[in-house]
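When a residue number appears, it is its place in the shown sequence, counting from 1. No experiment lies behind these values; they were computed from the predicted model shown. Just follow the structure's listing: the first ligand is 1, and inside any ligand the first atom is 1.
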Amino acid sequence: MSRGAPEKDIDENGLRVGPPGHAAAGVKGVLVSLQRSWEQMGLTRTARTLPLLNQRAGFDCPGCAWPDPREAEGDKRKLAEFCENGAKAVAEEATTRRVGPEFFARHPVAELAGKTDYWLGQQGRLTQPMILRDGDSHYRPIGWAEAFEVIAAGLRGLASPDEAAFYTSGRTSNEAAFLYQLLVRSFGTNNLPDCSNMCHESSGSALTETIGIGKGSVSLSDVEHADLVLVVGQNPGTNHPRMLSSLEKVKRRGGRIIAVNPLPETGLMRFKNPQNVRGVVGDGTQLADEFAQIRIGGDLALFKALNALVLKAGAVDQEFIDAHAHGFDEFTAQAREVDWEATAEATGLDREQIERIAEMLISSQRTVACWAMGLTQQKQGVATIREIVNLLLLRGMIGKPGAGVCPVRGHSNVQGDRTMGIWEKMPEKFLAALEREFGVPVPREHGLDTVDTIRAMQAGRVKAFVGMGGNFVSATPDTDATIRALRGCELTVQVSTKLNRSHVVPGRTALILPTLGRTERDAQGTGEQFVTVEDSMSVVHVSRGRLAPASEHLLSEVAIVCRMARELLGPEHPVRWESFERDYDLIRDHIAQVVPGCEDYNRRVREPDGFVLPHPPRDSRTFPTATGKANFTVNVPEPIRVPAGRLLLQTMRSHDQYNTTIYGLSDRYRGIEDGRRVVLVNGEDIAELGFAAGDLVNVISEWTAPDGSVEERRAERFRIVAYPTARGCAAAYYPEANPLVPLNSVAEKSNTPVSKAVVIRLERS
Ligand SMILES: Nc1nc2c(c(=O)[nH]1)N[C@H]1C(S)=C(S)[C@@H](COP(=O)(O)OP(=O)(O)OC[C@H]3O[C@@H](n4cnc5c(=O)[nH]c(N)nc54)[C@H](O)[C@@H]3O)O[C@H]1N2
Ligand SMILES: Nc1nc2c(c(=O)[nH]1)N[C@H]1C(S)=C(S)[C@@H](COP(=O)(O)OP(=O)(O)OC[C@H]3O[C@@H](n4cnc5c(=O)[nH]c(N)nc54)[C@H](O)[C@@H]3O)O[C@H]1N2
Ligand SMILES: [Mo]
């Protein structure tokens, strides 16, 4: 039997702080994952579920987007092809706890709004469609048919389709995503904000401009056969634990690893592989050969310096540049000199270390650059990633085995959702193909992304919100302002598996539509269905749930989209919505006609390991950019101004959460237990600022708007933890710290919220 959900909310005084962990994973990781699985789903269900995770006959892990080994590349899957945090993700979804009508009858929405994200998520799976009617205090059950009528009436009542926004989180399958964007565009808007706007948008923007495609250029085998891997602004031990096995292979083959991070993240330093004897009994493998403890936001300055050193050494691949690159002369004209003083100021690194790293880059014949949120959620995130591309172009490191760019994606199908058309500005070619295939007019004007959706809500220009998964209000910046924006809507609809904050800050009328998760059987008119997903390395494959659904009332995401579409667009609509719900092969037949690279989709996804989408730079060193070549770019670092007595705060994930879903209160690798309202500060900074570790403080962010005015935001009652982060820097957990992130503080070009560089001051609480 599984245990019930916690009755009490988090006790902020329960915090315990110990030394940071020495090595990641190991036996402890296995034990934690089994314990959590048992607590949430009991013994039998645990034994039935975990062996199916990431297996050909099973389901894709609802955790991160790291790829599975491919037999085509000579790699065997292990019996247990999952990690501690993947097991936790499954346990959260496959939990036996339930949130049904009785729960909502017991708890008025006003009371639920006072609960933490942790408490809300731990209550269990949603079981029935619920509605909160205008003026009502409680959610009440509603039938599916009536729910769709209410939604359709609300959307049809808008002055224009552009007054609605349709959000997507990255767990949605390719089939559901494809139909969802078709529904939204048939309705008449491109307002398709998604979690990617807050995630790897900066990567997409930088890569599309420089190499012509916004996706990574490496395969799993490339990473494992590299002789140098850069891991920049990423914490794989927690967020992509299976990547550690690949990094371990790099080390075994004699390759080297450079970690660039303000924090000495345990997983980057040492790894105990629970799959082999050395990891079980020994001290594990040391991973990072070089740890560059960079100041927050200092990466562009670092890569500029490295590029100058590579140029100075004459270590460029001239043949590659002559044949494939554009803009080399403009680039070199500004890249030769290093301003060492400015570099030291921005990065906090010393010259010797930067020169050592340059030597490693120069002697490497196969370099892979990996990065994640530490770069993308920066004001100059796009410029920084472009500068990393400059480095790889100089060295001819794209489109050959063991080398390339590797933006490590977050949500398990966030890349697939984009491929299927979830983007507020899909290219004309895609929109025209959609129009041709279905015979429906498709709007061309670009829609709203996540930040612009919130701005439009604030201005009263967006009045209806539909969320296909995710937790919009907790994931977005500026929580207090976003709560007001969402509450100001006429209609909010959340398609969800579990209760979260977005359900308890409702619009005037609010609906919760409970849906099947990845782990569950999806039986439809023509029998059991499977769905498809795309991982971080463009591999498209099948995912098939095996567990009995959490409730008999659940509909699949595909069914929800189809029924919403039928009600909204009417029975005369040329798209045969009712047929898709019965047979997902019919959806895939259309995907094959519309989505580039998906020809013959139904056959190819059924291959044992699925298939790999085309990627011209990777496949043939062709670069579909404006110039027809790979573009060098010129990027100028702008120093981040941090006034005296202030710190630069990053908001990050603990080891015990999946974005806004909090699994538990153990950030084991960082030695922080039983509390999440913490701010990690370097011991010397704590002393200099006149505080002591353990002090209770309010955190105030200061942001200078473009017009020169200074905005302040507050988050109260955080405990100071002394932590070996880079000097002048601080860290706190997302989503607790989101009220501090200004809505208008966004990355240049990608409009991604700057969640990793917030100027703060501390004040005694
Ligand atoms: N278990 C688990 N897995 C997950 C998730 C989860 O929440 N839990 N989330 C998923 C999602 S959606 C995503 S996008 C990924 C996120 O994966 P990550 O990007 O690894 O997640 P973050 O916790 O945001 O960590 C950012 C890292 O960047 C570092 N950093 C911060 N600022 C800077 C900087 O200025 N420069 C450099 N070089 N580094 C910096 C931080 O110290 C931290 O190590 O993980 C995915 N996988
Ligand atoms: N300050 C700060 N803010 C951030 C970040 C940060 O690093 N710092 N990271 C950003 C990033 S990288 C991302 S990706 C976003 C994440 O933003 P989101 O994707 O919006 O947030 P999640 O917490 O992943 O969404 C969790 C909810 O999804 C629902 N869910 C889970 N599985 C399914 C499913 O299969 N189907 C459906 N329909 N619903 C499901 C559950 O109800 C659950 O409550 O947050 C961003 N926000
Ligand atoms: Mo993400």
Side-chain angles (χ1 to χ4, degrees), residues 62-66 83-86 88-89 92-93 117 120-121 125-126 167-173 176 194-200 231-241 259-263 265 267-268 292 294-299 302 371-378 384 408-414 450 467-477 479 494-503 513-518 557 560 648 650-661 663 725-726 729 731-738 740-741 752-753 755-758:
C64 74
W66 189 255
C83 67
E84 173 190 346
N85 281 346
K88 289 185 201 161
E92 278 290 311
E93 182 178 300
D117 289 276
L120 292 170
R125 286 286 299 276
L126 297 158
Y167 179 70
T168 312
S169 163
R171 277 197 193 173
T172 296
S173 66
D194 70 344
C195 69
S196 205
N197 297 142
M198 300 179 273
C199 188
H200 268 291
V231 184
V232 191
Q234 195 203 339
N235 181 18
T238 285
N239 297 313
H240 305 91
V260 183
N261 203 304
L263 300 177
E265 303 283 28
L268 286 170
I294 197 157
R295 275 204 186 125
I296 289 175
D299 303 83
L302 170 65
W371 68 85
M373 299 302 103
L375 295 191
T376 62
Q377 298 174 340
Q378 296 287 354
T384 306
V408 183
R409 305 276 159 183
H411 266 300
S412 50
N413 198 38
V414 62
T450 295
M468 180 53 67
N471 181 359
F472 189 77
V473 99
S474 290
T476 48
T479 313
Q494 311 284 349
V495 181
S496 313
T497 51
K498 299 193 80 179
L499 189 65
N500 65 45
R501 183 153 313 282
S502 299
H503 305 124
L513 307 182
T515 190
L516 293 175
R518 276 285 165 78
E557 291 181 344
I560 289 174
L648 208 50
Q650 61 150 320
T651 61
M652 60 179 188
R653 292 153 174 82
S654 82
H655 191 61
D656 219 4
Q657 71 184 86
Y658 196 93
N659 299 338
T660 70
T661 299
Y663 300 145
T725 180
C729 299
Y733 297 130
Y734 142 60
E736 286 79 355
N738 284 40
L740 297 167
V741 183
T752 293
S755 303
K756 295 285 191 279
V758 182

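- Heavy-atom separations between R518 and ligand 2 are all 4.0 Å or longer.
- Heavy-atom proximity to H411, at under 4.0 Å, picks out these atoms of ligand 1: 12 (S).
- Taking every heavy atom of both residues into account, S502 and S474 meet most closely at OG-N, 4.4 Å.
- Listed by number with element, the atoms of ligand 1 under 4.0 angstrom from any heavy atom of C64 are 47 (N).
- The residue from Q657, R409, E736, R171 that puts a heavy atom closest to atom 32 (N) of ligand 2 is R171.
- Regarding atom 45 (O) of ligand 2, its nearest protein heavy-atom neighbour is Y734 OH, 2.6 Å.
- In terms of polar-atom proximity, defined here as any N/O pair under 3.5 Å, N235 does make such a contact with ligand 1.
- Heavy atoms of G63 stay at 4.0 angstrom or farther from ligand 1.
- Here atom 46 (C) of ligand 1 lies nearest to G410 when heavy atoms of A372, G410, P236, G170 are compared.
- We find the CG-CZ distance between N413 and R171 to be 11.5 Å, quoted to the nearest 0.5 Å.
- Nearest protein heavy-atom neighbour of atom 44 (O) of ligand 2: N500 ND2, 2.8 Å.
- At a 3.5 angstrom cut-off on N or O pairs, M373 counts as close to ligand 1.
- Using a 3.5 Å distance cut-off with no hydrogens or angles, the side chains of T376 and H200 do not pair a donor with an acceptor.
- Taking a cut-off of under 4.0 Å to the non-hydrogen atoms of S169, the atoms of ligand 2 that pass are 18 (P), 19 (O).
- At the shortest separation from atom 17 (O) of ligand 2 among protein heavy atoms lies A475 CB, 3.2 Å.
- Checking V758, I296, T725 one by one against L648, the side-chain contact (heavy atoms from CB on, under 4.5 Å) holds for a single residue, I296.
- Side chain of K756 to main chain of T651: a donor-acceptor pair is present (N/O by atom type, distance under 3.5 Å, no hydrogens or angles).
- Of all the atoms in ligand 1, the ones that sit under 4.0 Å from a non-hydrogen atom of T238 are 1 (N), 2 (C), 3 (N).
- The two residues T497 and T515 have their closest heavy-atom pair at CG2-O, 3.7 Å.
- The protein atom (non-hydrogen) at minimum distance from atom 28 (O) of ligand 2 is G470 N, 3.1 Å.
- T752 contributes no side-chain N or O that, together with a main-chain N or O of M198, makes up a donor-acceptor pair within less than 3.5 Å.
- Remark: among candidates N471, T752, T376, N738, the nearest residue to atom 21 (O) of ligand 2 is N471, based on non-hydrogen atoms.
- Listed by number with element, the atoms of ligand 1 under 4.0 angstrom from any heavy atom of K756 are 24 (O), 26 (C), 31 (C).
- The closest side-chain heavy-atom distance from F472 to T450 is below 4.5 Å.
- Of the options E265, Q234, M652, the smallest heavy-atom separation from atom 43 (C) of ligand 1 is shown by E265.
- K88 has no carboxylate O lying under 4.0 Å from a charged side-chain N of E92, or vice versa, which leaves the two without a salt bridge.
- Every atom of ligand 1 with a heavy atom of I294 under 4.0 Å away is listed here by number and element: 36 (N), 37 (C), 38 (N).
- For N85, every heavy-atom contact with ligand 1 shorter than 4.0 Å involves the side chain, none the backbone.
- Contact between M652 and A731 at its shortest, heavy atoms only, is CE-CB, 3.7 Å.
- Nearest protein heavy-atom contact of atom 39 (N) of ligand 2 is G469 CA, 3.3 Å.
- Closest approach of G237 and H655 over heavy atoms only: O-CE1, 3.7 Å.
- Taking atom 20 (O) of ligand 2 as the reference point, the nearest protein heavy-atom neighbour is Y167 OH, 2.7 Å.
- Among all non-hydrogen protein atoms, the one lying nearest atom 30 (N) of ligand 2 is T497 OG1, 3.2 Å.
- Of the N or O atoms in M198, none lie within a sub-3.5 Å distance of an N or O in ligand 2.
- Close approach to C199 involves these atoms of ligand 1, each under 4.0 Å from a residue heavy atom: 14 (S).
- For atom 31 (C) of ligand 1, the nearest non-hydrogen atom from the set Q650, R653, R295 comes from Q650.
- Here atom 38 (N) of ligand 2 lies nearest to E557 when heavy atoms of M468, E557, Q494, H200 are compared.
- No side-chain heavy atom of T384 sits less than 4.5 Å from a side-chain heavy atom of Q378.
- Residue N239 touches ligand 1 through backbone and side chain together, judged by heavy-atom distances below 4.0 Å.
- The main-chain N or O of V414 is never found under 3.5 Å from a side-chain atom of R409 such that the two would form a donor-acceptor pair.
- Nearest heavy atom pair, residue T660 against residue N471, reads OG1-ND2, 3.0 Å.
- One finds the NE2 atom of H503 at 11.5 Å from the NZ atom of K498 (value rounded to the nearest 0.5 Å).
- Proximity to G297 (heavy-atom distance under 4.0 Å) selects the following atoms of ligand 1: 34 (C), 35 (O).
- C64 contributes atom SG, which lies 8.0 Å from atom CG of N239 (distance to the nearest 0.5 angstrom).
- One finds no salt bridge joining E93 and R518 here, because no Lys/Arg side-chain nitrogen approaches an Asp/Glu carboxylate oxygen to under 4.0 Å.
- E93 does not count as a contact of ligand 2, since none of its heavy atoms falls under 4.0 Å from the ligand.
- Here the heavy atom of the protein found nearest to atom 8 (N) of ligand 2 is T651 OG1, 3.0 Å.
- Interface of H240 with ligand 1, defined as ligand atoms under 4.0 Å from a residue heavy atom, comprises 15 (C), 17 (O), 45 (O), 46 (C).
- Donor-acceptor pairing under 3.5 Å is lacking for the side chains of R501 and T479.
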